[in-house]
S.K.: 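Sending over a structure as structure tokens; questions will come in a sec.
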Amino acid sequence: MNYWLFKSEPDEYSIDTLANEKNGFGRWDGIRNYQARNLIRDKIAEDDMVFFYHSSCKVPGVAGIAKVVKPAYPDPAQFNPDSKYYDPKSSQDNVRWFCVDLAFVEKFKSVVSLQTLKSIPSLDHMVLLKQGRLSVQPVTKEEWQTIVAAAKQ
DNA sequence: GCCAACGTTGGC
DNA sequence: GCCAACGTTGGC
């Protein structure tokens, strides 16, 4: 079982949005970056655990936990001309983009802010702090446990 | 709103 | 295959 961090702008889709999904899961679509695509297509499996990160907002940071309930499948938005995620270069027999389904697990009492993450020395090498822009990224077990512990304080 | 740090595109 | 121009992300 592996750990990941997924970023979302809470104005678009927040941990509360996921928690309130009627069917109990939400589709994580709209990934249009090859590095992120390769991770979800090739590495992310059912039951993997995900930190839900809020970006581009007042207090950026980890807002809670989700879980992968369906591994990678073709993102329908790439075929939909009305979607902002439409990709004319994609086709059914040449699928470019993939999505996964996530289920809500837990919302932290308060966001573990980016500022807090930066202040924890053992997180120095986190991808989040090294490569700020990647929207889907791996988290080590140690990093996972450190951040969960910080959330419980 | 600014801007650094990327990623992508397309001419050559 | 190089690289300039452009686009995007995301913290501040």
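Worth saying up front: this structure is predicted, and the values here are computed from it rather than measured. Letters A, B, ... are given to chains in the order of the sequence lines, protein chains preceding strands, and every chain is numbered from 1.
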S.K.: Tell me: NZ of Lys84(A) to P of dG7(C), nearest whole Å?
M.R.: 18 Å
S.K.: Please determine, for the side chain of Tyr53(A), which listed nucleotide (dG11(C), dT9(B), dA5(B)) has the closest atom?
M.R.: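 Selected nucleotide: dG11(C).
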S.K.: Expressed as a whole number of angstroms, how long is the span from Leu117(A):CG to dG10(C):P?
M.R.: 15 Å
S.K.: Of the candidate nucleotides dC12(C), dA5(B), dG10(C), which contains the atom at the shortest distance from the side chain of Leu114(A)?
M.R.: dC12(C)
S.K.: Asn38(A) CG to dG7(B) P: how many Å, rounded?
M.R.: 12 Å
S.K.: In this structure, how many angstroms lie between the C1' atom of dT8(C) and the OH atom of Tyr85(A), rounded?
M.R.: 12 Å
S.K.: Report the distance from atom CG of Leu129(A) to atom C1' of dG11(C), rounded to the nearest whole Å.
M.R.: 12 Å
S.K.: Tell me whether Asp75(A) is salt-bridged to Arg96(A), with the criterion being a basic N under 4.0 Å from an acidic carboxylate O.
M.R.: no
S.K.: Salt-bridged, Lys152(A) to Glu106(A), with N to O below 4.0 Å?
M.R.: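 A salt bridge is present here (some side-chain N lies under 4.0 Å from a carboxylate O).
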S.K.: Would you tell me whether Gln131(A) and Gln35(A) have side-chain atoms, one donor and one acceptor, within less than 3.5 Å of each other?
M.R.: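 Their side chains do contain a donor-acceptor pair, which is all the 3.5 Å distance test asks for.
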S.K.: Indicate, with a heavy-atom threshold strictly under 4.0 Å, whether Gln35(A) touches base, sugar-phosphate, or nothing.
M.R.: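 Answer is sugar-phosphate: Gln35(A) comes under 4.0 Å of backbone atoms only.
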S.K.: Rounded off to whole Å, could you give me the CD-to-C1' distance for the Glu9(A) and dT8(C) pair?
M.R.: 11 Å
S.K.: May I have the distance from His54(A) (atom NE2) to dT9(C) (atom P), rounded to whole angstrom?
M.R.: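 Rounded to whole Å, this separation is 17 Å.
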S.K.: Any ion pair linking Glu12(A) and Lys84(A) (charged N to carboxylate O, less than 4.0 Å)?
M.R.: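 Salt bridge flag = yes for Glu12(A) with Lys84(A).
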S.K.: Rounding to an integer number of Å, can you tell me how far Leu134(A) CG sits from dT8(C) P?
M.R.: 18 Å
S.K.: Out of dT8(B), dC12(C), dG7(B), which has the shortest distance to the side chain of Tyr34(A)?
M.R.: dT8(B)
S.K.: I want to check one thing: is the phosphate of dG7(B), taken as OP1 and OP2, less than 4.0 Å away from some side-chain N or O of Gln131(A)?
M.R.: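 Yes, within the criterion.
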S.K.: Counting side-chain heavy atoms from CB outward, which of dG7(B), dG11(C), dG10(C) is closest to Asn33(A)?
M.R.: dG7(B)
S.K.: Over all strands shown, is Lys58(A) touching base, sugar-phosphate only, or nothing at heavy-atom distances under 4.0 angstrom?
M.R.: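 It contacts nothing in the nucleic acid.
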S.K.: What nucleotide, of dT9(B), dG10(C), dG11(C), holds the atom closest to the side chain of Lys89(A)?
M.R.: dT9(B)
S.K.: Does this structure show an ion pair linking Lys67(A) with Asp47(A), if we count only N-O contacts that are shorter than 4.0 Å?
M.R.: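 Salt bridge present between Lys67(A) and Asp47(A).
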S.K.: Closer than 4.0 Å, any side-chain N/O of Lys7(A) to the OP1 or OP2 of dT9(C)?
M.R.: no
S.K.: Just call it for Ser55(A): base, sugar-phosphate, or nothing, with non-hydrogen atoms closer than 4.0 Å on any strand.
M.R.: sugar-phosphate
